[in-house]
Asker: 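Questions regarding the structure given below will be posed in turn.
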Amino acid sequence: MYTADVLNRVQALREEIAAIRGMNNKYSEQEKPAGLAVRANGDRESRLKEIMLELSGIAKDQHP
């Protein structure tokens, strides 16, 4: 992967993490979240794990 591609991908992931963080903050402010909110929170948690794996893979590719 080229450096510019890596930087673009990392920036996109950072933006996605920021969006997820915002949604998680809204979720945590709810006293009694609805079922869909609970499920969406779980989906966001899964996505964060996927992002961590992707970033780990990028790091390994750049520094074998």
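For reference, positions follow the sequence shown, starting with 1. In this text the structure is predicted, and so the values were computed from the model without any measurement.
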Asker: Does the Asn8 side chain pair with the main chain of Ala4, one donor and one acceptor, at a distance under 3.5 Å?
Answerer: yes

Asker: Holding to side chain to side chain contact (heavy atoms under 4.5 Å, CB included), I want the full list of residues that pass it with Ala40, two or more places apart in sequence or in another chain.
Answerer: Arg44

Asker: State which residue, out of Asp5, Val6, Leu7, fulfils the side-chain contact (heavy atoms from CB on, under 4.5 Å) condition with Thr3.
Answerer: Leu7

Asker: Any chain of hydrophobic side-chain contacts (each under 4.5 Å) joining Met52 to Ile17?
Answerer: no

Asker: Once you round to the nearest 0.5 Å, how far does CG of Leu55 lie from CG of Leu48?
Answerer: 10.5 Å

Asker: For Leu36, is the CG atom crowded, meaning more than 12 foreign heavy atoms sit under 6.0 Å from it?
Answerer: no

Asker: Could you check whether any side-chain heavy atom of Arg39 comes within less than 4.5 Å of a side-chain heavy atom of Asp43, counting everything from C-beta outward?
Answerer: yes

Asker: For Arg47, what residues pass the side chain to side chain contact (heavy atoms under 4.5 Å, CB included) criterion, not counting sequence neighbours?
Answerer: Arg9, Leu13, Glu16, Ile20, Glu50, Ile51, Glu54

Asker: Kindly state each residue pair satisfying salt bridge (Lys or Arg N to Asp or Glu O under 4.0 Å) with at least one member in residues 26-37, sequence neighbours excluded.
Answerer: none

Asker: Are Val38 and Met23 connected, step by step, through hydrophobic side chains (Ile, Leu, Val, Met, Phe, Trp, Tyr) whose heavy atoms are closer than 4.5 Å?
Answerer: no

Asker: Considering all heavy atoms of both residues, which atom of Tyr27 and which atom of Pro33 are nearest to each other, and what is their separation?
Answerer: CE1-CB, 3.5 Å

